[in-house]
Amino acid sequence: MSPTHLEHGQPVTVLVRPRLTRKDLPASRFPFVRTNPYPVRNVLIERADGSRVVRPWRGLVPTKEAP
């Protein structure tokens, strides 16, 4: 079962989420160039109307699931 989150108060289902961590980042050929150690984490969500959208993970609020 896919986790349900809230986007602006509306329930959405997260279909694909990244598993990228800092250790997964490729080593830079140029160590003096700074890169962002925390890349943007995008997720594929499905809204209640059936539309699918890729959006940033930031801003999604997890819902409490009943046991």
Side-chain angles (χ1 to χ4, degrees):
M1 180 162 85
S2 298
T4 302
H5 290 70
L6 295 178
E7 175 191 36
H8 304 291
Q10 301 297 321
V12 297
T13 302
V14 176
L15 301 175
V16 178
R17 96 185 238 192
R19 294 195 182 270
L20 185 66
T21 62
R22 290 186 70 178
K23 67 181 179 179
D24 295 333
L25 294 175
S28 175
R29 292 186 341 168
F30 307 103
F32 56 86
V33 176
R34 285 191 167 213
T35 58
N36 185 0
Y38 302 103
V40 176
R41 294 174 19 188
N42 291 331
V43 293
L44 175 64
I45 62 169
E46 184 174 21
R47 295 186 174 138
D49 63 357
S51 64
R52 292 182 177 186
V53 180
V54 175
R55 61 152 288 155
W57 175 256
R58 187 175 189 171
L60 293 179
V61 180
T63 57
K64 304 264 189 218
E65 294 187 18

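As the structure is a computational prediction, the values presented were derived from the model and not from experiment.
- Closest approach of Thr63 to Thr4, counting heavy atoms only: OG1-O, 2.9 Å.
- With sequence neighbours excluded, the residues that form a side chain to side chain contact (heavy atoms under 4.5 Å, CB included) with Arg47 are Glu7, Val12, Ile45, Asp49, Ser51, Val53.
- Put simply, Val54 and Leu15 are part of the same group of oily side chains (I, L, V, M, F, W, Y) that touch within less than 4.5 Å, one to the next.
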